[in-house]
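Data first, discussion second: the structure below is written as structure tokens.
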Amino acid sequence: MQDKEQTGIVFNMQKYSVHDGAGIRTMVFFKGCPLRCAWCSNPESQRPQPERGFSRYRCLSPAVCGYCIPACPRGCILDIEGLLAIDYTRCDGCLLCAQACPTGAMNVYGQRLTVAEVLETVEQDTVFYARSGGGMTLSGGEVMQQPEFAVALLREARHRRINTAMETCGHCDGDMLAEACRHLDSLIFDIKQLDSERHKQGTGVGNERILENFLRVCREFPELPILARTPVIPGFNDTEDDIRAIARFLPKRANLRYELLPYHRMGQAKYEFLGRAFPMGGAQLADGALNRLRSVALAR
Amino acid sequence: MTTCCLSPQEVRLQSPEPDKAGRERVYGILETFQYQVPFIDVERARYFTESMRATEGQLLALRWAKALKNCAEKMTVYITPNQLIAGRAGQFGRYGILYPEIDGDFYGVVMRDLPNRAKSPFRISDTDINIILDEIAPYWEGKTYHEHLNGALPEELRNVTYADDSGLKSKFVVSETSSYRSALQWVHDYEKVLSRGMLDIQAEMRTRLKRLDPDSPIDNWEKKPFLEAMVIVCDAFMIWAKRHADLAREQAAAEKNPARKQELLRLADICERVPAHPARTFHEAVQSQWFVQMFSRIEQKASAIISNGRMDQYFYPYYAKDLAEGRITEERAMELLECMWVEMAQFIDLYINPTGNEFNEGYAHWEAVTIGGQTPDGHDATNDLTYLFLRSKREFPLNYPDLATRIHSRSPERFLYEVAETIKDGSGFPKLINDEEIVPLYVAKGAPFRDALDYAVSGCTEARMPNRDTYTSGCVYINFATAMEMTMHNGRMLKYGQDDLVGLETGDPTTFTTWERFWEAYKAQHMNLLSKAFTQQYVVDCLRPQHFASPFASVLHDLCVEDCKDLQSPRIEGGVDFSYFEFLGYGTVVDSLAAVKKLVFEDRKVTMAELVAALQNDFEGYEPLRALMQSAPCYGNNLPYADAIAKEVDRMTQVFAEKYSRIRGINCDVRYVPITSHVPFGKVVSATPNGRKAWTALSDGSSASHGADHNGPTAVLLSNYNSKNCDLKNRASRLLNIKLSPKCVSGEAGTRKLVDIIRSWCDLKLWHLQFNIINKETLLKAKADPNKYRGLLVRIAGYSSYFCDLSPDLQDDVINRTEHDEM
């Protein structure tokens, strides 16, 4: 199969991204993630298959609309005292309800696209990449959960002279990650916690594979600019010791930068759309914590 | 989205006092008038009328010149306390003046309502109302252009133009705008006055008089009185200026404060010198320019007020010389400029006509100052003064002047960087105008390269060539959203009822079985409006020269002087005529067509009968249908489905324009610049198939429908580009607004990204771009608590206004524009 015919599941493409990599970029979000971070701001990215989201704010109410109710073959969509409710225990994810919805209150996260289709959208903004040094950034979910698709996409993008960047959590097959790096102009690699036990508590997996992959990429791709990133999460890695440990772990090389991202709750609404509870509750970073931690990170 | 980052303007609003250090003078002047309800000053109207009464029968330009001389001799002259420049057209504070030659016939109807009207009210004394009603209005009754036009329009044209017999109320379908202004927005050749002085210009007129053929009937009957008018208007202008010198000397004699006494004596010397003689210093140049623009306002109501031209170019030699010779500092030059800005801010473009007022809410006026761009021989034109204008706009963020930057492919990085920094400040300035679109387009339309390269921005987005442009009529505004409505209701509009066939009977849409049939029906309605509009504009062009003359503008225009014709004449030798017609509701029409095509004829999810019923009921009880219609592809998202329709709509419009431009020998071009009129034009249009509710605002300029653009700013720009027909030339400006939250452009990296967007916009050869860097929360708070946000500037169409001066409708309009941010 040619690269441009490869397919994968993408849950969003976002133009004019100005905070992830150089210049004006288009983000391509891959669906599916091996981690289950409690703070995840893209919960719709976690499961590998397309799934339904439901926003009650956009719903016209079953009395006015209700198109989705007869559309469900299993009778999972209910009118409970004038409000729409979904019986998640019986839903088999057929998505017929979302297809019937006129308002977009029910929408589908995730669509199967070919490499050519993704790049057609990405290439719409080439006039902006040319001036800004921007390009395409792959994100997720976890890009390397769909390794063949990722590699094909990166290879074809490079063939078309599109600048490429990729974000990864690092929990993936090392050989495939190395293959992807061959077609990358820069890599953004999350290191969340050096203590494997605590890493597991926060994300569902230990960090051994992640750290091993990180060192391997550093070793095998000395020319590849790498941005190591730590999302600072209250109660998980927001102490000076946590950050100092990560900063000390990072190898010394000129094209490796380290950046802290502050925890935010922007994704909270999406948990509700998916019918899930937001695991972080009302937790917030302490005032001034980020600046203090940034000075620790800088001292590496 | 939470507010996580404030623009500097928002920070200033939250702090009680602006930083006034070094700007005590201009802030002092500003505080005397800033939030005042403006006054009406009647002197101009009074002395203008007095003279016109006495000169009936003479050549109009000559009568106008004499009337100006009467005004120059009799109007009270003022020097604003503490000002460094002199020259007002009326009393202290915020004020407007009257032009009864335009609208004197209905002063009786509207004058007493002005203080109470909801939008942009004015104050006037009872004594002055009596002067207006007893002395001024009676003379003009039966004589105004407006009455002439109302009487001249054939019934089928009148019916799409006016909603009442007197022609006072617009129907908002095919609206004429020529009857509430005496000329289009304009730019003078200020440089001519600065470098030559009026005495030299007047001497040239005398020489031309002497050279006339004493036996030629044309010379005797047309050219001679015209040139006499030129001589008189030069006198008028110099008399008026000299009276300011005398006043300054009088005030100096009475002044106790020695520093101010010196200032006044110096001002007296300067007003003695200019505009009669060439300016020698920066201060003289600023004063001379200011006299020209103020006297120009006394002459006529040019739409949006006379523009300032390329100020960084014609002031630069004086600034550079003063700096080199140690006569001036950067700070002093900036103070002089800011003295001009605070004077500008006080003169309000008063609209007596309620329709005109709807078009220009928030006391809007646009004295565009153009900076940057290219020299007439095609090199980059930025200089030290260019940067001084930008600095002044950042540090003293008044909404006057309307700063316009010309951008080209080789604009220096520093220039773009400082432009981006200024935009980030959040008050909306400067707007960006693209040389890469305008210069070649103007050459294609008949301008010499040299003039095209030297264009100045005028009004909100137009470009003028001061010695080449010769078209002055206010132009027609066409509400194409009504064509959409009339397609759905067989030529009728819900607003005007079943008995009023406003458009064509294109048939009951429920009988249309194909998209092609529907498209043909829309096209017929669209073309009918175009045809009406072009005929209306031709009537306007034929009648106006009988009512208006501009001797002062003419004496400053090379071609008028050469051809001995007033600028208001229908045809001037060597001139290029840029007429336009306004396309209202572009996004509304395109999105409606796309929704009908997709959901009714392709997906067949909605029947035409359901849609018609939904529209008649303003979607009440049809909410799911409305949601479906809104889910169709929309213009502004870089979607080929909608953009292709947008391009075709633009194309058929331009093809029509091309044919009748050619026949008329002028450029009659489609323009997408609504100013604030997309709000009143929306008020006559019932629900549209794109899900827009009845009577709400139409889409704005060439921007997307409100909230319909959700693919980010790059998609907005690309849709604009995709919908253009680059192979046709009957296009004029396209106004494009992009609102960004401060977070999007924060920090050094944010500035960089803004520069990148501007460069890409320049590459795309789009005409205009302006940014609104503001948080939605701030706007909502300002609407709820106007007193706390009095100083909040927002960008609306081609200018900035105080948000709290706007009606709640328009405030909502600003709030509802999509804010592009990232998650």
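In what follows, every chain begins at residue 1, and chains take the letters A, B, ... in the order their sequences are listed.
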Quick one: pull up [atom1] in [X] and [atom2] in [Y] and give me the separation to the nearest 0.5 Å.
X: R752(B); Y: S132(A); atom1: CZ; atom2: OG; answer: 8.5 Å
X: Y16(A); Y: K753(B); atom1: OH; atom2: NZ; answer: 8.0 Å
X: Y67(A); Y: K605(B); atom1: OH; atom2: NZ; answer: 10.5 Å
X: S760(B); Y: I24(A); atom1: OG; atom2: CD1; answer: 5.5 Å
X: L639(B); Y: Q124(A); atom1: CG; atom2: CD; answer: 8.0 Å
X: S61(A); Y: E623(B); atom1: OG; atom2: CD; answer: 9.0 Å

Is atom [atom1] of [X] surrounded by more than 12 heavy atoms (other residues, nucleotides or ligands) closer than 6.0 Å?
X: R410(B); atom1: CZ; value: yes
X: E259(A); atom1: CD; value: yes
X: D727(B); atom1: CG; value: yes

Counting only heavy atoms closer than 4.5 Å, note whether [X] contacts chain A via side chain, backbone, both or neither.
X: T714(B); answer: both
X: L717(B); answer: side chain
X: N638(B); answer: both

Does some side-chain heavy atom of [Y] sit less than 4.5 Å from a side-chain heavy atom of [X]?
X: Y721(B); Y: V127(A); answer: no
X: L60(A); Y: P624(B); answer: yes
X: R131(A); Y: I757(B); answer: no

